[in-house]
Amino acid sequence: MKRRDFLKTSVVAGAAFGMSLNGIEASVPAVHAAPDLVAVMGGEPEAMLLKALDAMGGIGSFVKKGQKIVIKPNIGWDRAPERAANTNPELIGALIRQCLSAGASKVTVFDHTCDDWQKCYKSSGIEAVVKAAGGAILPGNNESYYKEVKLPGGTKLKSVKIHEALIEADAWINVPILKHHGGAKLSCAMKNYMGIVWDRQIFHSGDLQQYIADICTWDKKPVLNIIDAYRMMAKNGPQGRSIADVQTPKQLLASRNIVALDTAALAVFNQFAPQKLDMAAVGHIGHGASLKLGSTELSKLNIERIKM
Amino acid sequence: MKRKAFNVLKGLRVLLAILFFAPLLLYFTDFSGNLPEPRGMLFQIVPALLLPALWVILFNVVLAVAFGRIYCSVICPAGVLQDVINRLYCIGKTKKKGKMRFSYHPPVDKLRYGLAGLTLIAGGLGFTTLLALLDPYSNFGRIAANLFRPLVMWANNGASHVLESMDNYSLYQVSVKTATVAGVTGGAIALGLFVGLTVWRGRLFCNTLCPVGAVLSLLSKFSLFRISFDPALCNSCGSCERSCKAEAVDSKAMTVDASRCVTCFNCTSTCPKQGLKYRFAPVFGKKGGSETDEVKPTATLGSRRQFISTGVTVAASIPMIAAMAQHEETVVNADPALDNIDYDDLEPVTPPGSGSLKAFRDKCTGCHICVVRCPTQVLRPAGFEFGLDYLLRPHCAFVSSYCNYDCMVCSEVCPSGAISLASVEDKHTTQVGVATFNKNRCVVNTNGTDCGACAEHCPTTAVHMVPYTGTLTIPQVEPELCIGCGGCESICPVRPLRAIVVVSNASHQRIEPLKEEEAEQIEAEEFAF
């Protein structure tokens, strides 16, 4: 009953907001048998991914034959995988193989990195797994790769330059790593959008929390958000100071509902972090809910929890 | 048949010159960072002098004493560049207007030895800008790095754009951030000078302005192998003189000025009569009885006397140079609460491994290979903003990038030892400057919104966020953790003046390595939601 209510309100809300907000809501009926959110615990990155995809109806529910897919991990920093500053490379490799097995014509991976992009791609281990898995890794280091898109649903951010690979893709998958973050407080699925845009300076000088929510209103929503919480940076984020910043929750969360997913991720974060974060401090999650990007009320969702 | 033997020498010279020059040219215009360091870097005289690499100096001395100024024809990239310019100039021209357009001129010893003396004395007194401006290797570096490399990068971007339109991303776009006004101007003036002098009078730069050429000329006067006339075979046609770009061959007097000869073998290969030969002919040896050699010793003595006398004259102008060299070295003690920094008068942040502003100024000749290789393009050539004695030296410009925490590339490629890091730990504990935060400008304070971009980019948590009002957090700097990498400054969104700025340490400071922290690993049996 509750879930149906959620769907109803979502559809109504979506209709009210027009075509720009047809991302999550419109696609939900197609997978109505699947849970809204899947959480997996206790396995290796690839095994947890397969469990989660299985629970959501398999990769075929998200990736269709012949599609050009973009996978957007967090590759922001010149750090080894053990430092949990970047998305787990094993997870990215496994996801590429899944997409290709579902018949994707091309799987590309990129991030607008903070540190030197070539160092990031290398140190993160992601460049190597992408090549090994048969994907393509694209540069994101130059403004010429980014094209202007309008964000009619944004509160403050009305247009932004987004990487052309995403604009041209048939579908994209958002694959952040869960981290502490000095500026945004928490770095997860919504925050990971900052790696698809060119000009991040306006995010910081404008209103960071609101801009993060605003960029998530882009009408091309990810077909799936997958949170890598195999390792987690519990403090000194987003790049970390030493290995001591890293906890190992060995979890993976997946959902189309980005707000719910970040809400759940915050709960995981607080379980492992020395300093708990208040939901209100991670302002972008609340702003996302206000923009009807999803729900923070996990109790109203159909969550499947899997222990391995 | 014998003529062929001479051509072999010239052919060898050209081949060796290409083998030295081409890898250097590629190295200085590369942007991928993948090319290995060419061996030719090792043999450059001025960097070796500053390093100091005694074996390189010794090698070059022995080379000059034994064979003449091979350095100028083969090893020196500026010398070879002038030959390339000359070659390009001669395309489509008649011999008379092209490669046979030269004629003998007497040496300008006052200028060449005076300038070399001035350069050495000024350098000894700590004003190395003159050396930096005249060093042929560094001039080549500045031309290649600031003029040629941007062209290569733009060409790459064009090609990359075409490939991308076909969904091929094997090339990637690059941005040219290091081409500062000063760097491009410095490169353009040097190239203009080389083109102008080469077209006008061949290797005039090498024989008047170049201090390396001047010093080598003193050695090559005594070279064991040298080119000399064979009066019996010479029919005084003068083709040797017209082919000599060093203007050292006097066909009427049948002399070759060994001090200016750059051993290019143009004359020997041009001579139709075998009238000139490159042969073993020591100046003081019994066998060296030709007219040329008899002329030489007196000339040597004369110019040596001249060298000393100009040196004395030059000494008179030292106070002036010293005054130019003096630059206020105020150690700005980093006060985290600094609100009264004069941002227009900050000293340059010198690269980690340079020790201090003074040491860096002394050893850096501004060849810009570090600028070329720095992966984040944070090293950029300075103009006059830090004084004449910092002209064309690179500094860390935290405009849109910063010094990568684990990177030591500049130290690895610096040929003169101006940048020298022992290890990555050395870098992690070297503080080149300190971040200073200005709360009055910070967006957290002025806008009441979250930002934290500075703390985000800090690799050591020297800049970190502390509670402010409500849920907001604001940056705080712990100077004892700060290495001055500029991550914070480069990303701060506040304009025109940024809210966090690295104030340089005139003398780099040593900080404690980051403490190893113990973190308790938390286990969770149940889901958190």
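Reminder, nothing fancy here: chain letters follow the sequence lines and each chain counts from 1.
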Residue part contacting chain B, namely of [X], when any heavy atom lies under 4.5 Å:
X      : value
A:V246 : backbone
A:I303 : side chain
A:R200 : neither
A:E164 : side chain
A:Y145 : side chain
A:T248 : both

If I measure from the heavy atoms of chain A, does [X] come under 4.5 Å with its side chain, its backbone, both, or neither?
X      : value
B:H457 : both
B:E525 : backbone
B:E526 : both
B:C458 : backbone
B:L481 : side chain

Could you tell me whether the side chain of [Y] reaches within less than 4.5 Å of the side chain of [X], counting heavy atoms only?
X      : Y      : value
A:Q239 : B:P459 : yes
B:T471 : A:M279 : no
A:Y211 : B:T449 : no
B:F529 : A:V268 : yes
B:E517 : A:K235 : yes

I need the residue from B:R495, B:Q377, B:H464, B:E520 with the largest number of non-hydrogen atom pairs under 4.5 Å to chain A.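 Of the options given, most contacts go to B:R495.
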For chain A, the option from B:S401, B:C451, B:G452, B:P375 that forms the most heavy-atom pairs under 4.5 Å: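 Ranked by heavy-atom pairs under 4.5 Å with chain A, first place is B:C451.
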List the atom of [X], the atom of [Y], and the distance in Å for their closest heavy-atom pair.
X      : Y      : value
A:R241 : B:T460 : CD-O, 3.5 Å
B:I522 : A:Q271 : CG2-O, 3.8 Å
B:N447 : A:G206 : ND2-O, 3.7 Å
A:P139 : B:Y169 : CD-CD2, 4.0 Å
A:H204 : B:E456 : CE1-OE1, 3.5 Å
B:M465 : A:G182 : CG-O, 3.2 Å

Taking A:N141 for its side chain and B:Q173 for its backbone only, find out whether a donor-acceptor pair lies under 3.5 Å.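 Side chain of A:N141 to backbone of B:Q173, a donor-acceptor pair under 3.5 Å: yes, one is there.
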_Main-chain N/O of B:F527 paired to A:K307 side chain as donor or acceptor, under 3.5 Å_ = no
For the candidates [options], which exhibits the highest count of non-hydrogen atom pairs separated by less than 4.5 Å from chain B?
options                : result
A:L208, A:I137, A:L266 : A:L208
A:K119, A:Q251, A:Q210 : A:K119
A:Q201, A:Q247, A:K250 : A:Q247
A:F203, A:F269, A:W77  : A:W77

TODO: Only one of A:Y121, A:F110, A:W117 passes ring pair (Phe, Tyr, Trp, His ring centres under 6.0 Å) with B:Y172; say which it is.
DONE: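 Among A:Y121, A:F110, A:W117, the one meeting ring pair (Phe, Tyr, Trp, His ring centres under 6.0 Å) with B:Y172 is A:W117.
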### B:Q521 atom CD, over 12 foreign heavy atoms within 6.0 Å
yes
Tell me whether A:K276 at atom NZ has more than 12 heavy atoms from other residues, nucleotides or ligands lying less than 6.0 Å away. yes
- Query: Thinking salt bridges, do B:D167 and A:K106 make one under a 4.0 Å N-O criterion?
  - Reply: yes
